[in-house]
Amino acid sequence: MKRQMSAINRTGRKVEIDGYKFDSQREADFYSRYVKNCGLDFDVHPRFDLVKSFALESMKFRKVVYTPDFVVYDKTGNILHVYDVKNGFSVYDLDTGVQLRFKMFAEHYRFPVEVVVPRVHYFRTKIFGITKQHNEPIQKTNLNYTVGDLVD
């Protein structure tokens, strides 16, 4: 029987740059090439609550959180990008649990998560879970765009 791999089984080596701890070299490279010197404010690994902890009968359920890799803000302090760095866009890179968190984040915070796959001279980005038919990954070389540009 063939065993299905999930994104959770494929972890990279931890990397530290500028006091930030990244989950992989790919994530650290995205930070160094695109986020670090973008000229905008950003957060690395901020935590967002998606579902508060709750009790049901005598059981306690933990809260559900989502921790994107990067959140970049525009000059007025509004969210411009929410990035999650991955190795690719396949089901092996984005299991259903991850995609569900993206949808929950978008519904709760009214902003989509961009999955980014960095390459040497560019990155590809895509929003998962939307109903637009031709939602193919878009190639970018900097952060000077809006999420609306990805679906127009």
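As a basis for the values below, the full set of heavy atoms in this structure was taken, side chains included, without hydrogen atoms, waters or symmetry mates.
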Identify the residue among L80, N144, L143, N142 that makes a side chain to side chain contact (heavy atoms under 4.5 Å, CB included) with C38.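 Of the listed options, the one satisfying the test is L143.
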
Residue pair [X] / [Y]: nearest heavy atoms and the distance that separates them:
| X | Y | answer |
| --- | --- | --- |
| D84 | P68 | OD2-CA, 4.2 Å |
| P112 | A106 | CA-CB, 4.1 Å |
| Y34 | T141 | CE2-O, 3.3 Å |
| V116 | Y83 | CG1-CD2, 3.3 Å |
| G88 | L94 | O-CD1, 3.9 Å |

Mind checking the [atom1]-[atom2] spacing from [X] to [Y]? Nearest 0.5 Å is all I need.
| X | Y | atom1 | atom2 | value |
| --- | --- | --- | --- | --- |
| T125 | K86 | OG1 | NZ | 13.0 Å |
| D29 | S24 | CG | OG | 8.0 Å |
| E136 | R124 | CD | CZ | 8.5 Å |
| I127 | L150 | CD1 | CG | 4.5 Å |
| T96 | K103 | OG1 | NZ | 9.5 Å |
| M104 | L50 | CE | CG | 5.0 Å |

Looking at side-chain heavy atoms only, is the closest gap between [X] and [Y] below 4.5 Å?
| X | Y | value |
| --- | --- | --- |
| P137 | F89 | yes |
| D23 | K14 | yes |
| S53 | R62 | no |

Decide side chain to side chain contact (heavy atoms under 4.5 Å, CB included) for V71 and I79; before the verdict, give the C-alpha distance in whole Å, the side-chain angles of both, and the deciding distance to 0.1 Å. CA-CA 7 Å; V71 176; I79 293 176; 4.0 Å; yes

Test ring-ring contact (aromatic ring centres under 6.0 Å, His included) on F42 and H81 and set out the steps. CA-CA 9 Å; F42 61 87; H81 300 288; over 10 Å; no

Going by the side-chain hydrogen bond (donor to acceptor under 3.5 Å, both in side chains) test, which pairs reach into residues 35-47, not counting sequence neighbours?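 For residues 35-47, and leaving out neighbouring residues, the side-chain hydrogen bond (donor to acceptor under 3.5 Å, both in side chains) pairs sorted by first residue read D18-K36, E27-H45, D43-Y73.
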
Within the supplied structure, the quantity of interest is the number of heavy atoms (other residues, nucleotides, ligands) at a distance under 6.0 Å from K126 NZ; does it exceed 12?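 Yes.
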
Are Y122 and V35 co-members of a hydrophobic cluster defined by side-chain heavy atoms under 4.5 Å apart?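 No, because V35 and Y122 fall into different hydrophobic clusters, even though each may have its own neighbours under 4.5 Å.
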
Identify whether V120 and V85 are in the same connected component of the hydrophobic contact network (ILVMFWY, side-chain heavy atoms under 4.5 Å).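 No, it is not one cluster - the side chains of V120 and V85 are not joined through contacts under 4.5 Å.
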
Check the pair V65, F48 against side chain to side chain contact (heavy atoms under 4.5 Å, CB included), reporting the backbone distance first and the verdict last. CA-CA 5 Å; V65 299; F48 292 89; over 6 Å; no

So does H121 get a backbone contact from the side chain of R33, meaning a donor-acceptor N/O pair under 3.5 Å?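 No.
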
Under 3.5 Å donor-acceptor, R26 side chain and P118 backbone: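 Checking the backbone N and O of P118 against the side chain of R26, a donor-acceptor pair under 3.5 Å is found.
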
I'd like to know whether Y31 forms a side chain to side chain contact (heavy atoms under 4.5 Å, CB included) with D69, so could you lay out the CA-CA distance, the side-chain angles of the two residues, the decisive distance to 0.1 Å, and finally the verdict. CA-CA 9 Å; Y31 164 78; D69 295 320; over 6 Å; no

Can you tell which of Y20, F30, F123 makes a ring-ring contact (aromatic ring centres under 6.0 Å, His included) with F70?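 Output: one option passes, namely F30.
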
Going by the ring-ring contact (aromatic ring centres under 6.0 Å, His included) test, name the single residue among F128, Y66, F111, Y109 that passes it with F102.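 Going through the options one by one, the only one that passes is Y66.
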
Any salt bridge between K63 and D49, counting N to O under 4.0 Å?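 Salt bridge flag = yes for D49 with K63.
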
Trace of the side chain to side chain contact (heavy atoms under 4.5 Å, CB included) decision for K140 with E114: CA-CA 12 Å; K140 295 292 181 183; E114 295 175 59; over 6 Å; no

Any cation-pi pair here, K60 with F54, using under 6.0 Å and within 45°?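 No, K60 does not sit over the ring of F54.
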
